[in-house]
Asker: 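Input: one structure, supplied below.
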Amino acid sequence: MKTMFLRLPLLCLLTLTCTCGPALMSQQAPKLTLEPYEFITQDGRKTEAEMGSFSVPENRTKASGKKLTLRFVRFKSTNPNPGSPIVYLAGGPGGSGIGTARGTRHDLFQALRAVADVIAYDQRGTGLSDGPPRYPGFWSVDPAKVMTQKEIRQIIQKATREAADFFADNDCDLSGYNTNESADDLNDLRLALGAEKISLWGISYGSHLSLTAIKRHEKHLDRIVIAGIEGYDHTVKLPIHQQQLLEDIDRRIKANPATAAVYPDFLGDIDRLLKKLDKAPAMIPAKHPVTGDTMLVAIGKHDMQQLVSWSLAGPENFSDLPFMVQSMLRGDFSIVTPYAFYVKMGQFNGMSMAMDIASGISPARRKLVEKQAKTTLLGAAINFPYLDQYDELTELDAGKAFRAPYPTKLPVLCISGTLDGRTSAENAVETLKHLKNGHHLVIEGAGHSDPLFLSSPRILEVMRDFFEGKDIKDERIVLPPVEWVLPE
């Protein structure tokens, strides 16, 4: 059986934070370099484009700091009277806009050229742009043991400080890698292009960056499309959102007689599996991703909470989850073998580390997260190991003002999926309270990432109308029901 369980990148990346006081924003246009560029997609298609680059300070609060070269690919508009350039902002943080344009969303980039120039942009520290050096280290715990949360916290925090020391020793100012600096980079990109305004198109962390750009450069922005919303104080996820998704999955299964007969108690199955592993961990033979050695890995309750949490990004990931939970209850853990080590170790990445911890968490939200973690099946697994890392480097937090809501009259289109287990549609509902000219496109049945843009042709129609300045209304698109994996 072909499984879709946990088809996700490694999400256990160590993250750090940055102190972001008032930016010393450049008013002079950075020098722009443009040259012809043959853009080649992952499937071999070729498009004529331009490769652009410009330089920005690594840290605008430090006059003597070094410079970073940021790069982008521009697809020129096919419109004789183009609108404001549309800048694509990838998620992560750490995703590459240029890399995204080479993949499944390439046709979307090309279609929006009918409105304006479309720019696949690599943020500082991503893709072809300059950023922190590659860090060779990992955080890791003993794979053969189920450790206490206190033991794991100590290991992660020690590794976090070691990573921070490495970057400091290698001429990298981590306090320059934060969303405020990236928002100011966008304004420098606008100045370099000679554009009065730019429009933004962001997903996940890219929505977080877009909202920060509104707060810092509102008058220089035109129209904003954001999907998989991560608001100002949404970097740390609420456990209740994944609990609600599990309950929704349970309802959908029970609504279909065929699946209800096979999975009559999905939520109960998860609860029983977690309790079973809490009493006695499963010992799984797995191959170490670095050494290649095969060894036994202990999977306990906390490990399984992480594995299930990662699988909830969308239906393409969790359509076989009910089947696999039942299989593991019977003692078959083969499905998690490829992922067993990734709950025991994580690779460091300077940019994603810095951006996330800089965004931080408000005291009120942290209390809510801790309270919800006690009463939900997966606890706070979705945030592991972020809060331990954050607590080690709180001096880099961007501060209370960064996370404060910001009312704006700018036109903003929010796109949400009802089965998104990473950025709940509730994030958009909360964010829209402060968007005076905000609109909500809800996609019933969509998860995170590609489905927010590619699951229906109607999505592109709405986006194009919005970028063209046409009057749009809130809308709901309904996708076909999830096809659950059943035993053969």
Side-chain angles (χ1 to χ4, degrees), residues 1 3-14 138-159 239 242-243 246 249 263 265-313 317-318 320-347 370 372-389 421:
M1 176 181 297
T3 178
M4 296 183 180
F5 184 80
L6 294 177
R7 189 182 297 162
L8 291 174
L10 175 60
L11 298 177
C12 291
L13 293 176
L14 183 66
F138 295 80
W139 67 262
S140 62
V141 300
D142 188 339
K145 295 180 180 179
V146 174
M147 293 186 168
T148 66
Q149 294 306 298
K150 181 178 179 180
E151 290 173 326
I152 295 173
R153 177 180 173 86
Q154 290 174 343
I155 290 171
I156 289 172
Q157 292 191 324
K158 180 176 181 292
Q242 286 205 326
Q243 178 68 24
L246 289 173
I249 291 172
Y263 309 120
D265 189 13
F266 170 65
L267 288 177
D269 284 347
I270 294 178
D271 186 45
R272 284 184 284 275
L273 177 62
L274 294 174
K275 288 177 178 176
K276 180 179 178 179
L277 293 174
D278 198 28
K279 291 181 180 179
M283 302 303 296
I284 301 175
K287 184 176 292 186
H288 195 286
V290 177
T291 67
D293 296 332
T294 297
M295 59 184 70
L296 289 177
V297 179
I299 300 297
K301 176 182 176 180
H302 181 259
D303 303 310
M304 185 55 62
Q305 286 175 317
Q306 288 182 66
L307 291 168
V308 174
S309 174
W310 295 348
S311 77
L312 294 179
N317 301 98
F318 62 65
D320 62 349
L321 182 59
F323 170 77
M324 296 318 306
V325 169
Q326 281 196 358
S327 297
M328 288 187 283
L329 275 171
R330 295 192 296 268
D332 180 6
F333 287 84
S334 59
I335 186 60
V336 299
T337 297
Y339 313 99
F341 269 101
Y342 296 127
V343 295
K344 303 294 187 179
M345 62 190 300
Q347 191 171 13
E370 292 170 350
Q372 291 178 359
K374 297 175 182 178
T375 59
T376 51
L377 280 171
L378 304 183
I382 190 173
N383 296 311
F384 179 81
Y386 172 81
L387 288 173
D388 294 336
Q389 301 161 4

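Scope of the values below: all heavy atoms of this structure, side chains included, with no hydrogens, waters or symmetry mates.
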Asker: Can you find a heavy atom in the side chain of Phe333 that is under 4.5 Å from one in the side chain of Leu277?
Answerer: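 The answer is yes, as the side chains (C-beta and beyond) meet within the 4.5 Å cut-off.
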Asker: Would you please test Val290 and Phe138 for side-chain contact (heavy atoms from CB on, under 4.5 Å) and show each step?
Answerer: CA-CA 10 Å; Val290 177; Phe138 295 80; 3.9 Å; yes
Asker: Can you confirm whether Pro285 sits close enough to Met295 that some side-chain heavy atom of one is under 4.5 Å from a side-chain heavy atom of the other?
Answerer: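 No, too far: nothing below the 4.5 Å cut-off.
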Asker: When you compare the side chain of Leu274 with that of Ile270, does any pair of heavy atoms fall below 4.5 Å?
Answerer: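 Yes, close enough: below the 4.5 Å cut-off.
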Asker: Where is the tightest heavy-atom contact between Met345 and Ser140, given as atom of each residue plus distance?
Answerer: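 For Met345 and Ser140, the tightest heavy-atom pair comes out as CB-CB, 3.9 Å.
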Asker: Any pair with a residue in residues 281-306 that passes ring-ring contact (aromatic ring centres under 6.0 Å, His included), sequence neighbours left out, goes on the list, sorted by first then second residue, please.
Answerer: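 The answer is His288-Phe341, His302-Phe384.
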Asker: Do Ile155 and Met147 come within less than 4.5 Å of each other through their side chains, counting heavy atoms only?
Answerer: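 Yes, their side chains come closer than 4.5 Å.
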Asker: Glu151 side chain to Thr148 main-chain N or O, any donor-acceptor pair under 3.5 Å?
Answerer: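 Judged by distance alone, yes, a pair lies under 3.5 Å.
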Asker: Where do Val343 and Trp139 come nearest, in terms of heavy atoms and distance?
Answerer: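 That closest heavy-atom pairing would be O-CH2, 4.0 Å.
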Asker: Give a yes or no on whether the backbone of Ala144 and the side-chain of Lys344 come within a donor-acceptor separation of less than 3.5 Å.
Answerer: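 Not confirmed, Lys344 side chain does not pair with Ala144 backbone.
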Asker: Can you find a heavy atom in the side chain of Met304 that is under 4.5 Å from one in the side chain of Met328?
Answerer: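 Yes, their side chains come closer than 4.5 Å.
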Asker: Kindly give the heavy-atom pair with the smallest separation between Val297 and Ala286, and that separation in Å.
Answerer: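 Distance-wise, the nearest heavy atoms are CG2-CB, 4.1 Å.
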Asker: Only counting residues at least two apart or in another chain, list the ones meeting side chain to side chain donor-acceptor pair (under 3.5 Å) with Lys287.
Answerer: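 Testing Lys287 for side chain to side chain donor-acceptor pair (under 3.5 Å), a comparison that skips the adjacent residues, returns none.
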Asker: Atom CD in Gln305, atom CG in Asp278: separation rounded to 0.5 Å?
Answerer: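 Between atom CD of Gln305 and atom CG of Asp278 there are 8.5 Å.
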Asker: Which heavy atom of Arg153 sits nearest to which heavy atom of Asp388, and what is that distance?
Answerer: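 It is NH1-OD1, 2.8 Å.
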Asker: Just how far is it from atom CD1 of Ile152 to atom CD of Gln157, taken to the nearest 0.5 Å?
Answerer: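 Going from CD1 on Ile152 over to CD on Gln157, the span is 12.0 Å.
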Asker: How many angstroms lie between atom OG1 of Thr337 and atom CD1 of Ile284, to the nearest 0.5 angstrom?
Answerer: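 So the OG1 of Thr337 and the CD1 of Ile284 are separated by 5.5 Å.
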Asker: Under a 4.5 Å cut-off applied to non-hydrogen side-chain atoms, are Leu312 and Leu246 in contact?
Answerer: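 A side-chain contact under 4.5 Å exists here.
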Asker: Ignoring hydrogens and geometry, is there a side-chain-to-backbone donor-acceptor pair from Asp320 to Phe323 under 3.5 Å?
Answerer: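 No, Asp320 side chain to Phe323 backbone: no donor-acceptor pair under 3.5 Å.
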Asker: Rounded to the nearest 0.5 Å, how far does CG of Leu378 lie from CD of Gln372?
Answerer: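 Atom-to-atom, Gln372:CD and Leu378:CG are 12.5 Å apart.
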Asker: Any ion pair linking Arg272 and Asp269 (charged N to carboxylate O, less than 4.0 Å)?
Answerer: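 Looking at Arg272 together with Asp269, the answer is yes, because their closest N to O distance falls below 4.0 Å.
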Asker: Considering all heavy atoms of both residues, which atom of Asn317 and which atom of Ser311 are nearest to each other, and what is their separation?
Answerer: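 Residues Asn317 and Ser311, closest heavy atoms: CB-O, 3.1 Å.
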Asker: Would you say Gln243's side chain and Thr376's backbone share a donor-acceptor pair under 3.5 angstrom?
Answerer: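 No, the answer is negative, given that no donor and acceptor are paired below the 3.5 Å cut-off.
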Asker: Less than 4.5 Å apart, any side-chain heavy atom of Val308 and any of Phe318?
Answerer: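 A side-chain contact is absent here, since even the closest heavy-atom pair is not under 4.5 Å.
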Asker: Where is the tightest heavy-atom contact between Pro281 and Val146, given as atom of each residue plus distance?
Answerer: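 It is CB-CG2, 3.6 Å.
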Asker: Looking at side-chain heavy atoms only, is the closest gap between Phe266 and Leu321 below 4.5 Å?
Answerer: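 Result yes, sub-4.5 Å side-chain heavy-atom pair found.
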Asker: Under 3.5 Å, is there a donor on one side chain and an acceptor on the other for Ser309 and Gln242?
Answerer: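 Yes.
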